[in-house]
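Reading through the structure tokens given below for one structure.
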Amino acid sequence: MPQRAFTLAESVDDLKHAMTRLAGRPLLALDLETEGLDPHIHKVVLLTVGDDREQLLVDCRKVSLEPLRPLLEGPVPKVTHNGAFDVAMLRAHDISVENVLDTMLNEQLIENGRGRQSLSLASLSERYLGLELDKSERTGFARTSGGFTPAQIEYARRDVLATYQVLLEQTPRLAQEGLQETARLEAEALPAFADLRYDGVYLDQPGWLALVEEAKLNQDQARAELDEMFKDVVSTDLFGQVTLNYESDVDLKDALGRLCHRRLREVNKAALRGLGHPVGGVLLRYREMSKIVGTYGESFLQAIHPKTGRIHADFRQIGAPTGRVACANPNLQNIPRGSRFRQCFSGPPGRRMVTADYAGCELRILAELSGDEAFVRTFNKGGDLHSIVASEIFGKSVSKSRYPELRSRAKAINFGLAYGMGAGGLAAVTGLQPVEAERLLSRYFRSYPKVRQYLEDSAALALRRGFSRTIGGRKLYLRVEEDQKTRAAQARVAKNMPIQGTNADMLKISMTSVRKRLRREGLQAMIVNCVHDEILVEAPEGDAWDVSEIVREEMVAAGERYIKRVPVVVDVSVGDSWQK
DNA sequence: ATCTGTGGCGCG
DNA sequence: AAAGCGCGCCACAGAT
């Protein structure tokens, strides 16, 4: 239990007095107790800031946080646990916390791939400090009126103390593991993710609803066609209605077996396409509509926040072990592309959307990593990459219109490469015979020998050392096992991680710098979505073109931190909505 | 009633 | 059919 001094500030004078002592500290821990989890509804009840010598507790219902602003917004590093929450909460109090460290993100980096240990502060406290944290006081703060109980005060102090001390333990480990650069990158990006969540994204509600209704009609029509086709081979109810549930794979396989006289092991897209019966196409159409109605339907409209009128999705800064961001509730990273759904992500009146994405990002990273001269040359030439590669390996001039099938084969290899695809996979994608696929792959690698060399070496090294890294040093530990199949799978992960992970690193750096530039230049623009190699920014109508140039510059600069041998290209567009 | 795993599918 | 990395969501199936 902490024996050191603390101050409970119940007046501005208390606060100012305590501030003078804290302001000179090199590192502070920060933690909030709140009424709930939604920064647009719930308020901060208690703010605790301090180190292992002294903590300051601020009763936010009685005292303005204004005197703390210089400290919170200033350069003194504040360590938190899951700081994106605290930073978002404080934005509702009009405070933009800067220079935040995060013990949760640190832990994710340190343990990346080593297993799914809990990331809670209580677990870290036990693991690093041998200290048990009892969380039973936490829920009490929402209902607290009047003063805090001694137990509540003790609880708040203890959390800050634990956070502070966990960071002290993590810091040398990050250094030992060579993870300082990555930890810094993540810490700097944290406010961008807090803002992303807090600001949310606007959705054209009537437009979205219209698309869903249309899909429902199409779904009904497809279902009617299916009923007609199946009516003689499945059971019907009293009214002669087909009772087959098209969502049930088990029932569907049975019914298809009777209708087509073929027993399918799986009923996915490929299987239905290869069915050789008209019912396959109708089922695919039905599925497509079901997907829209189910996944992209009303749930998105329900996600619109009653107060802000926007969708505040849950972005997970380290959502995948490669370092990629993930998003949920709802997932804004899998909106159908080339459809009218993306058009519904527009700006509210008076605002425009800037869409910016890295062109051919993963392949450029592969060029960088492998250093293959011919591969590097293809990027330096400019023009259509897949065509150039196809021309190179097939020895004739290929373009989108001349020999398009050769171009699409080259494209299949290009995309498969970063995943560690083999000849078998290539055969399946292209429809070539395995022998031909084998030949094609070896032609490819004859043109780009160092690409193969790099991929093989990188996987072998990772399996030997037990981890894989991005260019920036992010680490993924591999549980290397004896079994041949899992070893092969691990090798593919090892080939992919430096590529996917470096891409993620670039995107996070660019989000950090885009945010910084927009703020510095006083622009009322904000990042509203990020999708792996793409950033979506909402900007005032009059500033949209300036913003698009800023976004491009910062994304290019972020890319050039890791990609030096080939140009970094960012495609930018300004429009009424999200476009790709 | 509620949880967990799986197949399928949307995105990069 | 599978194939070739990463994610989340839906619906179903089977268990609790």
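Quick note on labels: first sequence line is chain A, next is B, and so on, each numbered from 1.
- The gap from the P atom of C:dG4 to that of B:dT4 amounts to 32 Å, rounded to the nearest Å.
- For A:Arg324 and B:dG12, a side-chain-to-base donor-acceptor distance below 3.5 Å is present, hydrogens and geometry of angles not being considered.
- A straight line from CG of A:Asn268 to P of C:dG4 spans 16 Å, rounded to a whole angstrom.
- Using a 4.0 Å cut-off on heavy atoms, the residues of residues 275-298 of chain A that approach DNA chain C are A:Lys291, A:Gly294, A:Thr295, listed by number.
- You'll find that the side chain of A:Val267 is closest to B:dG8, out of C:dG4, C:dG8, B:dG8.
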**Item:** Secondary-structure string, 5' to 3', Watson-Crick or G-U under 3.5 Å, | for another-strand partners, for DNA chain C
**Value:** ....||||||||||||
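- Among B:dG7, C:dG4, C:dA13, the nucleotide with an atom closest to any side-chain atom of A:Val429 is C:dG4.
- The base of B:dG10 sits with one of its N or O atoms less than 3.5 Å from a complementary donor or acceptor on the side chain of A:Asn334.
- In summary, the side chains of A:Ser248 and A:Asn245 do not present any donor paired with an acceptor at a separation below 3.5 Å, with no hydrogens or angles considered.
- Set against C:dA1, C:dC7, B:dG12, the side chain of A:Val531 has B:dG12 as its closest nucleotide.
- Closest approach to the A:Ala328 side chain among B:dG10, C:dC5, C:dC9 is made by C:dC9 (side chain taken as heavy atoms from C-beta onward).
- Between A:Glu436 and A:Arg439, the closest side-chain pair of non-hydrogen atoms falls below 4.5 Å.
- Contact of A:Glu247 with C:dC12 (side chain to base): no donor-acceptor pair of N or O atoms is detected under 3.5 Å.
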